[in-house]
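Structure record follows, encoded as structure tokens.
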Amino acid sequence: MKGISMVEKRVQKLIKEAIESAVSDGVLEIAEIPEIELSTPRIETHGDLSTNIALVIASVSKKKPRDVAEMIAERISSGKNEIEKVSIAGPGFINFNIKKGSYLEILHEVYKRGEDFGKTNFGEGNKLQVEFVSANPTGPLHIGHGRGAVYGDVLSSVMEAAGYDVTREYYVNDAGGQMLTLGRSVYMRYLELSNQKVDYPKECYQGDYIMDIARELDKAEGKKLAAFSETEAIKFCSEYASNKILNQIKQDLAETGIIHDTYFHEMNLHTDAAIESSIRFLKKKGHLEERDGALWFKSTEFGDDKDRVLRKADGALTYFAADIAYHKNKFDRGFKRVIDIWGADHGGYVARMKAGIESMGYDPKGFDVVLIQLVNLMSGGEAVSMSTRAATYETLEDVRKEVGKDACRYFFLMRSHNAQLDFDLDLAKKESPDNPVFYIQYAHARICSVFRKAEEQGLILPESSDIDINLLNLPEEQKIARMLSTLPEVVDECATALEPHKLAFYLLELSRMFQSYYSQGKRDDRYRVLGQERKIAEAKLYLLKNIQIVIQNSLRILGISAPTKMEKEEEPND
RNA sequence: GGGCCUGUAGCUCAGUGGAUAGAGCAUCUGCCUUCUAAGCAGAGGGCCGCAGGUUCGAGUCCUGCCAGGCCCGCCA
């Protein structure tokens, strides 16, 4: 299941054979061999790898854990394979010391696969749709949308790396009441511009952008608008404004590095009668009921807390009615899995959506909703206010322009999506190692710098078959090689848990390992890449090349750039 | 009142049921003639919210409390 390194696979096989041999020797009786889990002990004296298999077997076979461990351990040969030493410790753990150099073999695989290293077959090529952002085109994206947007984009990339065929979709709510409110808002501002006294309604959108659109509209289409009736004018304003805003949103997303494959317009569900057709289907199945003049979907039959209205007493369809038709449409398009990314404030909506999907005859197991928790912008150690009412909220655009695209993306991935995020604007802007984005990019730039220096000295990385990896005999080199080997595992973990932040943490940790390794060259010549015997220098360059590949691959998934050089700004002297 | 999320070092946070709970920041102590000191090494700092339970083993799983956030409309 989990992608594990070649070394671990072989150790696993040896353990399995030892257990089988114990069974055939008649000293152990078990129905079937449980999954053999290998873990990395935290403490170095416990070896490189450890398994709890003896503890697991002991609990089902009514034997003492240490006796079971003994039986297994004595049947595992060491010396001829990658195992240096087998030992038993604690309540019955079997610990393995791996031969120096075994982990270095991964370097050839990383190098050979290059950009593809880290990709796995976890998703088996299945079609997956990730729907995210889907903000109504009634105003600019705010910072909360930004978090969902970056999360959705990186999750999509992670799922692609994990072997899914991913479609990124944006659902545009361009039908219904909000669009009329938008149209009315713009129309009111337009009237103000033509010196008409208007009492701007408080349910209308308050942001300055409405006035900007009205001004633009007045200039371009003012004459046309004056001839319309109010109803016509509002409709016209609504369409004009929503197109305008949607284009701004698209541009905003593009500048944040996010491109959706498809935009699905709610309007289509109305025009091609998909909603009516879903309602007919549900009615035939007996899931609907007329009550108080409205049409209700009996979602409680599918585990929801209460029934939900599909058509209001005034005859208008609810957004939920459209959502049912929309999700049916998703599965009809052949997606095996559908993941919706919503703000945490929509949490109460999950049960009814699952009910809707199930009632339409689809398996809700193929459907996941990920709720993204709130973002608090922090500046100078204090929260920046984000009230929509007062229209002082921070937009995604403002934040991205302030801290840059790369920092903006990384900071949204610094926490698990189901925990609230304090976005530290000061830290995100800082060009210093406290800033994890800077630190990671600096690690990458440093590697590039070493390669530039090497080239100046006439040292160029030879074919990988000419590299003697066994010259990498420093403990840190083994550790780094081992860390590199786990990228595919990390990708699978992210994909399983739908938690791309694990990759962000992995990348930071790898960067730290490299920076530490690199810096030891200041004190200890064995750690320097250049100025070594040629063969040793080449081996070390090869290691660096591999680190560079893994950093680049990780950054690519995160959608963050990998600069080859960090330009230092001159510090002003005071 | 009900649902979802969160609670781990002074701060911000990691932590697939495993052994002695980790990192960064902050604090203190060291390290630049040599591949970028925009860096590194080291030290101190913990009833893992509280109380029970399951387990050979719980920060992790279950139950109940406590505290904070979000939600509970024929709004989206």
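Naming: A, B, ... by sequence-line order, numbering from 1 per chain.
The shortest distance between the side-chain N/O atoms of A:H501 and the OP1/OP2 oxygens of B:G15 is below 4.0 Å. A sub-4.0 Å separation between OP1 or OP2 of B:C56 and a side-chain N or O of A:K64 is absent. In terms of phosphate contacts, A:K522 brings a side-chain nitrogen or oxygen within less than 4.0 Å of OP1 or OP2 of B:C35.
Rounded to whole Å, the distance from CD on A:E499 to C1' on B:U16 is 11 Å. Computed from coordinates, the A:L377 CG to B:U12 C1' distance equals 16 Å when rounded to whole Å. At whole-Å resolution of the value, CD in A:E476 and P in B:A41 are 10 Å apart. Rounded to whole Å, the distance from CZ on A:F122 to P on B:U16 is 16 Å. As a whole-Å value, the separation of A:Q457 CD from B:U34 C1' is 11 Å. Straight-line distance from the NE2 atom of A:H346 to the P atom of B:C70: 15 Å, rounded to whole Å. What separates CD of A:Q441 from C1' of B:U36 is a distance of 15 Å, to the nearest Å. Taking atom CZ of residue A:R147 and atom P of nucleotide B:C70, one finds them 14 Å apart after rounding to whole Å.
Taking atom C1' on both nucleotides, B:A67 is separated from B:G49 by 8 Å, rounded to a whole Å. For B:U63 and B:A41, the P atoms lie 43 Å apart once the distance is rounded to whole Å. Spacing of P atoms, B:G44 relative to B:A21, comes out at 14 Å, to the nearest Å. To the nearest whole angstrom, the two P atoms, one in B:A14 and one in B:U6, are 10 Å apart. Using C1' as the reference atom, B:G7 and B:A51 are 16 Å apart when rounded to the nearest Å. Across the P atoms, B:G52 and B:C11 are found 26 Å apart, a figure rounded to whole Å. To the nearest whole angstrom, the two P atoms, one in B:G1 and one in B:U8, are 24 Å apart. When the P atom is compared between B:A58 and B:G53, the two are found 12 Å apart, to the nearest whole Å.
An aromatic stack links A:F93 and the base of B:A19, using centre distance under 5.5 Å and interplanar angle under 30°. Once the 5.5 Å centre distance and the 30° plane angle are applied, the aromatic ring of A:Y518 is found stacked with the base of B:C35.
Side-chain atoms of A:N95 and base atoms of B:A19 include a donor and an acceptor less than 3.5 Å apart.
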Show me the side-chain donor-acceptor pairs of residues 450-460 of chain A shorter than 3.5 Å, one per line, residues at least two apart or across chains.
{"from": "A:R452", "atom 1": "NH1", "to": "A:T564", "atom 2": "O", "distance (Å)": "3.1"}
{"from": "A:R452", "atom 1": "NH2", "to": "A:T564", "atom 2": "O", "distance (Å)": "3.3"}

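With its glycosidic angle more than 90° from 0, B:C61 is assigned anti.
Residue A:R311 is tested with A:E276, A:E290, A:E289 for a salt bridge (Lys or Arg N to Asp or Glu O under 4.0 Å); the sole match is A:E276.
A salt bridge is defined here as a Lys NZ or Arg NE, NH1 or NH2 lying under 4.0 Å from an Asp or Glu carboxylate O, and A:R534 with A:E538 meets this definition. For the pair A:D307 and A:R291, the salt-bridge criterion is met [side-chain N within less than 4.0 Å of a carboxylate O].
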Determine, step by step, whether A:K298 and A:E301 satisfy the salt bridge (charged side-chain N to carboxylate O under 4.0 Å, His left out) criterion, reporting the C-alpha distance in whole Å, the side-chain angles of both residues, the deciding distance to 0.1 Å, and the verdict.
-> CA-CA 6 Å; A:K298 292 188 275 181; A:E301 290 175 356; 3.7 Å; yes
Salt bridge (charged side-chain N to carboxylate O under 4.0 Å, His left out) evaluation trace for A:K430 with A:D426: CA-CA 6 Å; A:K430 238 165 141 180; A:D426 304 322; over 6 Å; no
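Using a 4.0 Å heavy-atom distance criterion, A:A89 is classed as a base contact. Within 4.0 Å of A:L55, counting heavy atoms only, lies at least one base atom of the nucleic acid. As judged by a 4.0 angstrom heavy-atom cut-off over every strand, A:Y527 is placed among the base-contacting residues. When heavy atoms are screened at a 4.0 angstrom cut-off, A:Y442 is found touching base atoms of the nucleic acid.
Ring orientation note: the planes of A:Y171 and A:Y326 are close to parallel, at an angle under 30° on the 30°/60° scale. Below 30°, between 30° and 60°, or above 60°: for A:Y263 and A:Y170 the angle between ring planes is below 30°, a parallel geometry. In this structure, A:Y518 and A:F514 have tilted ring planes: the angle between them lies in the 30° to 60° band.
Taken to the nearest 0.5 Å, the OG atom of A:S511 stands 7.5 Å off from the CG atom of A:L555. Once rounded to the nearest 0.5 Å, the distance linking CD of A:E499 with CZ of A:R415 reads 11.5 Å.
When distances are taken from the side chain of A:R523 to each of B:G18, B:C35, B:C31, the shortest belongs to B:C31. The listed nucleotides are B:G15, B:G69, B:C40; the one nearest the side chain of A:L374 is B:G69. Among the nucleotides B:C75, B:C13, B:C70, the one closest to the side chain of A:D345 is B:C70. Nearest to the side-chain atoms of A:K453 among the listed nucleotides B:A37, B:A76, B:U36 stands B:U36. The side chain of A:S516 lies closest to B:C40, out of B:G18, B:C40, B:U36. Which of B:G18, B:G15, B:G73 sits closest to the side chain of A:K306 comes down to B:G73.
Side-chain N or O atoms of A:T486 include none that pairs as donor or acceptor with a backbone N or O of A:E489 at under 3.5 Å.
Side-chain contact check for A:N95 and A:S87: no donor-acceptor pair (N or O, by modelled atom type) lies under 3.5 Å. For the residue pair A:N173/A:H265, the side-chain donor-acceptor check at 3.5 Å is not satisfied.
For residues 291-319 of chain A, the set of pairs meeting the ring pair (Phe, Tyr, Trp, His ring centres under 6.0 Å) definition, not counting sequence neighbours, comprises A:H287-A:F302.
Secondary-structure annotation of RNA chain B gives the stems B:1-7 with B:66-72, B:10-13 with B:22-25, B:27-31 with B:39-43, B:49-53 with B:61-65, with a stem taken as at least 3 successive Watson-Crick or G-U pairs whose two distances both fall under 3.5 Å.
Listed by residue number, A:R291, A:D292, A:A294, A:W296 are the residues of residues 287-297 of chain A with a heavy-atom contact under 4.0 Å to RNA chain B.
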Whether each nucleotide of nucleotides 1-6 of chain B has a protein heavy atom under 4.0 Å at its base (B), only at its sugar-phosphate (S) or at neither (-) is summarised, 5' to 3', as ----SS
Heteroatom pairs (N/O) under 3.5 angstrom, protein to nucleotides 20-25 of chain B:
{"from": "B:A23", "atom 1": "O2'", "to": "A:R512", "atom 2": "NH1", "distance (Å)": "2.9"}
{"from": "B:G24", "atom 1": "O4'", "to": "A:R512", "atom 2": "NH2", "distance (Å)": "3.3"}

